[in-house]
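Please read the structure below before turning to the comments.
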Amino acid sequence: MRSLLELIQETDGALAVDDPATGEIIARVKAYSVDEISSIIQKADAAQPEWASKTAKERANILRKWFNLIIDNMSPLAAIITAECGKPLWEAKGEVTYGAAFVEWFAEEGKRAYGETIPSFAANKRVLTIKQPIGTCAAITPWNFPIAMVTRKVAPALAAGCSIVLKPAEATPLSALAIEQLAIEAGIPKDIFKVVPVTNPAPVGTLFCSDPHIRKLSFTGSTQTGKLLMQQAAQNIMKLSLELGGNAPFIVFDDADIDAAVEGAMDSKFRNAGQTCVCANRILVQESIAQEFSAKLTAKVAALPVGPGCDDAVKIGPLIGPAAQRKVHQLVEDALAAGAIAQTGGTAHDNEGNFYQPTVLTNVTSDMAISCNEIFGPVAPIMTFVDESDAIQLANDTPYGLAAYFYTRDIGRVWRVMEALEYGMIGVNEGIVSSEVAPFGGIKQSGLGREGSKHGLDEYLELKYALIGGLGKPS
Ligand code: ADP
């Protein structure tokens, strides 16, 4: 594969990529024009029938090679993620493993795009369905998982027999380009999967939604951009997958294993410095245990080492950029002014760069901006609740519905609360739920469709029904 160094050496490109830990420009990659992307889409569309005509096993063998190459290149890929996205190297390696798992999973799952025969409504007719690749697809990915969000979309598309053109986030094109390079080495035709970095995403979104060759768009990003794309996609009634923002509640009941809940909150809240759409955004703790839980969480948060991701000891890297740092700080300031108390942190970190101190806030209330907005930073706001119905009401009081977590040891409560939470994904006594085997996605304003699992393949397939009549009678 092209080394990170070689990517960096592409000095003539219009898209500058910086290291969020230092602000230094580490690469300049080619930015594609709308016209260039338009012709790339045409090529992807022309190449798709041949890819679709391969057997699922032939495609699986190529995807399997791609998986092996990603795993073989774990260290260089992790270094690229850390360099452009900021997350610590150990976490970046975890992302490579997670990202590769979608390729492995969908290589196999592509073989199981089963149709069905349906008991007929008439004696001389037969009813059946088949599943076929939807065609040429487009994808838009965010910067917080610059490899995993790519493979989570591209692997099912390719396994299903689709071609796909992907625009990575402006902050993190290098990871996507490295993954594309490995796909080519694995034997995936270059017109079937193409990465197109740009400097300005809006015109590409418009192109993806208006080009008649594109039959499906898969987007991960903010709810605001998702709404815009959904409006634009209406003109062609395009099939859409949207994985949008969240406002995850993390509920701790008084019968919970408190130490396990603290561990779960650390995992859920501080992964990627709090920059994931499934990060705990509101920690709801039952009044009687609030003090104990807050003290234990604060002790762990205060001890988190902050610094550049390339440093082995670091647990919390930088935020993606200055605007992200300002936004987090504004939310914290606003909460403090409204009566919240910083148990630890509460300010930007002393380090140069986009660092923010890991923070625990208590006395938080549901009317504060920090309770209603996705924080996307290492800040844990704690509020209290009285009883189970109060917890459920607080948890569901948001237009979002991506992930929710709760801790309890009462089996009846496990079922009641799991069923009552209006979210697409629920962690019960678990702070991290993501896995390639399970359906990832949200309800309400958190999105449409599912990624991963057998359901993730269906997003790239059309269901066709055939009625076969005129069977006649035996002669
Ligand atoms: P975030 O605030 O997390 O960066 P965004 O929704 O702005 O979320 O970005 C997620 C992805 O959406 C990125 O790849 C970005 O370039 C892209 N994007 C942002 N605005 C638009 C737009 N108007 N049309 C198409 N894509 C967009």
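All of these numbers come straight from a predicted model, not from anything done at the bench. Start at 1 and go down the list; that is how both ligands and their atoms are numbered.
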Suppose I only count heavy atoms of [X] and a 4.0 Å limit; which atoms of ligand 1 are within that range?
X	answer
A169	14 (O)
A202	22 (C), 23 (N), 24 (N)
L228	23 (N)
T141	11 (C), 13 (C), 14 (O)
E170	15 (C), 16 (O)

Item checked: Identity and distance of the protein heavy atom lying nearest atom 20 (N) of ligand 1 ->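 Residue, atom and distance for the closest contact: T225 CG2, 3.6 Å.
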Check: How close does the nearest protein non-hydrogen atom get to atom 17 (C) of ligand 1, and which residue and atom is it?
Finding: I140 CG2, 3.7 Å
Next item on the list: Would you mind telling me if ligand 1 is within reach of the side chain of F219, the backbone, both or neither, using heavy atoms under 4.0 Å?
Entry: side chain
Do we see a donor-acceptor contact under 3.5 Å between the side chains of [X] and [Y]?
X	Y	answer
S222	T225	yes
K194	S163	no
Q445	T223	no

Less than 4.0 Å is my threshold; does some heavy atom of [X] fall inside it relative to ligand 1?
X	answer
Q224	no
W143	yes
F376	no

Note to self: Side chains of S210 and Q232, heavy atoms from C-beta outward: is any pair under 4.5 Å?
What the structure shows: no
Next item on the list: Check whether any N or O atom of T220, backbone or side chain, sits under 3.5 Å from an N or O atom of ligand 1, and answer yes or no.
Entry: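 No, T220 has no N/O under 3.5 Å of an N/O on ligand 1.
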Note to self: When you measure from atom 9 (O) of ligand 1 to the protein, is at least one non-hydrogen atom found at a distance under 4.0 Å?
What the structure shows: no
Checklist line | For atom 6 (O) of ligand 1, the option (of G221, S222, A324) bearing the nearest heavy atom | finding: S222
Check: Taking the minimum heavy-atom distance to atom 25 (C) of ligand 1, which of C209, G205, A323, C277 ranks first?
Finding: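 Heavy atom nearest to atom 25 (C) of ligand 1 belongs to G205.
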Next item on the list: Would you please test E333 and R326 for salt bridge (charged side-chain N to carboxylate O under 4.0 Å, His left out) and show each step?
Entry: CA-CA 10 Å; E333 290 276 283; R326 277 196 301 277; over 6 Å; no
Check: Do the two ring centres, one from F102 and one from F67, sit under 6.0 Å apart?
Finding: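 Not close enough - the centres of the two rings lie 6.0 Å or further apart.
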Notebook entry, point to check: Backbone N or O of R450 within a donor-acceptor pair of the E459 side chain at under 3.5 Å?
Noted result: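 Checked: pair present.
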Next item on the list: Assess K315 against F270: is NZ or CZ under 6.0 Å from the centre of the six-membered ring, and within 45 degrees of the ring's axis?
Entry: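 That pair does not qualify as a cation-pi contact.
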Checklist line | Axial cation check for F208 ring with K216, 6.0 Å and 45° limits | finding: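 Here K216 fails the 6.0 Å and 45° test against F208.
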Note to self: Less than 4.0 angstrom from a charged side-chain N to a carboxylate O is my criterion; do E462 and K131 meet it?
What the structure shows: no
